[in-house]
K.L.:
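Take this structure first; my questions come after.
These values consider heavy atoms only, across backbone and side chains, with no hydrogens, waters or symmetry-generated copies.
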Amino acid sequence: CVLQPTECFRSQPEETPESTLKAKKRKKKKISDILEKSPPKPGVPEDLQNLLGQHFGTKRSVIEIEELKLPDSCFLPANDLTHSFSSYLKEICPKWARFRKNHKEKKSVVMLVICSSALRSLELIKSVTAFRGDCRVLKLFAKHIKIKEQMNMLEKGVFHIGVGTPGRIKALVEQDGLCLNSTKYIILDWNWRDQKLRRMMDIPEIKKETIDLLEMKIIKLCREGSVKLGLY
């Protein structure tokens with residue numbers, strides 16, 4: 001009688017690998033549940049460096065990868081998740097009033113904010129009011145706004161802040177509608193999560209377009225020292 005329970009206990013581990021695999025499969029289907037339970041971790045420059053390294057690792061030569069590395073000096077202090085958008089911008093750009101006053105160039109912005117969607121762009125535009133002062137903000141996303149319309153606005157007027165999605169910003173740069181040579185600050189909306197708890201770099205299309213934009217122009221400007229990069 002004593003031996004029977006012992007045999008029963010021994011037989012249980014044989015079923016464990018299968019049940020573990022099933023549990024893992026269930027967890028994979030519910031990534032949002034796992035993210036929901038894990039505490040938010042603010043993004044740091046190393047996260048972006050690692051992401052670029054993984055993306056270009058098998059596609060570029062050693063020399064090319066070296067040229068695509070962002071210098072540590074180009075990074076602004078990262079958001080520690082205690083900031084509102086306006087308070088973060090005030091911290092990283094204490095001389096904003098002067099930059100805003102001196103900016104006279106068309107087809108350009110002093111600060112470019114890149115985020116995952118048109119809706120998120122509108123949220124950030126609303127939340128930047130306490131920081132921006134007397135300046136003009138331009139929506140740089142595709143939803144309900146034609147690219148020709150944005151190009152005309154940039155050509156005719158002076159704008160200080162541009163907020164939009166990487167796909168539309170990339171298209172404007174490619175078509176010479178937006179010039180980044182006068183841009184001093186580029187902010188990635190790194191930490192914000194959508195309803196599915198995805199950050200901008202968790203969405204494949206947004207991630208690709210952001211990396212393409214970085215490779216096309218931004219990394220070069222960062223290496224030259226003309227642009228500072230922030231992870232909000």
K.L.:
Any heavy-atom pair between the side chains of Cys74 and Val227 that's under 4.5 Å?
P.N.:
no
K.L.:
Under a 4.5 Å cut-off applied to non-hydrogen side-chain atoms, are Asp194 and Ile203 in contact?
P.N.:
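With C-beta onward as the side chain, the pair touches.
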K.L.:
Tell me which one of Ile65, Leu68, Ile211, Asp47 satisfies side-chain contact (heavy atoms from CB on, under 4.5 Å) with Leu52.
P.N.:
Ile211
K.L.:
Nearest 0.5 Å, what's the CG-CD distance between Leu119 and Gln195?
P.N.:
8.5 Å
K.L.:
Would you give the length of the straight line joining atom CG of Leu154 to atom SG of Cys179, rounded to the nearest 0.5 angstrom?
P.N.:
10.5 Å
K.L.:
Within the side chain of Arg168, is there an N or O that forms a donor-acceptor pair under 3.5 Å with the backbone of Ile145?
P.N.:
yes
K.L.:
Donor-acceptor pair, distance only, cut-off 3.5 Å: does the side chain of Thr183 make one with the backbone of Val109?
P.N.:
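Yes; at least one donor-acceptor contact below 3.5 Å.
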K.L.:
According to ring-ring contact (aromatic ring centres under 6.0 Å, His included), does anything in residues 103-147 pair up with another residue at least two apart or in another chain? List the pairs.
P.N.:
Trp96-Phe131, His103-His160
K.L.:
Side-chain heavy atoms under 4.5 angstrom apart, residues restricted to Ile, Leu, Val, Met, Phe, Trp, Tyr: same cluster for Leu48 and Met216?
P.N.:
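Yes; Met216 is reachable from Leu48 via cluster members.
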K.L.:
Using atom types as modelled and distance alone, determine if a side-chain donor or acceptor of Ser87 lies under 3.5 Å from a backbone N or O of His83.
P.N.:
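Pair absent, no side-chain N/O of Ser87 close to backbone of His83.
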K.L.:
Quick check against the 3.5 Å criterion: does Lys228 have a side-chain atom that pairs as donor or acceptor with the backbone of Gly225?
P.N.:
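It does not hold such a pair.
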K.L.:
How long is the gap from OG on Ser108 to CG on Asn181, to the nearest 0.5 Å?
P.N.:
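Answer for the OG-CG pair, Ser108 versus Asn181, is 9.0 Å.
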K.L.:
Under 3.5 Å, is there a donor-acceptor pair between the side chain of Asp202 and the main chain of Arg199?
P.N.:
yes
K.L.:
Can you give me the closest heavy-atom contact between Gly157 and Lys106, atom names plus distance?
P.N.:
O-CG, 3.5 Å
K.L.:
Does the side chain of Ile92 reach to within under 4.5 Å of the side chain of Ile187, using non-hydrogen atoms?
P.N.:
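Ile92 vs Ile187: side chains touch.
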K.L.:
Using atom types as modelled and distance alone, determine if a side-chain donor or acceptor of Glu67 lies under 3.5 Å from a backbone N or O of Glu64.
P.N.:
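No, Glu67 side chain to Glu64 backbone: no donor-acceptor pair under 3.5 Å.
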K.L.:
Has Arg223 got a side-chain atom pairing as donor or acceptor with Lys69's backbone, closer than 3.5 angstrom?
P.N.:
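Yes; at least one donor-acceptor contact below 3.5 Å.
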K.L.:
Consider only side-chain heavy atoms of I, L, V, M, F, W and Y, link residues closer than 4.5 Å, and tell whether Tyr88 and Val113 are in one cluster.
P.N.:
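Same hydrophobic cluster.
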K.L.:
Test your reading of the model: is there a side-chain donor-acceptor pair from Asp189 to the backbone of Ile114, 3.5 Å cut-off?
P.N.:
no
K.L.:
Please answer whether the main-chain N or O of Leu112 pairs with a side-chain N or O of Tyr185 as donor and acceptor at a distance below 3.5 Å.
P.N.:
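Answer holds: no.
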K.L.:
Would the distance check show the side chain of Lys170 and the main-chain N or O of Glu209 forming a donor-acceptor pair, the cut-off being under 3.5 Å?
P.N.:
no
K.L.:
Which residues pass the side chain to side chain contact (heavy atoms under 4.5 Å, CB included) test with Lys148, sequence neighbours left out?
P.N.:
none
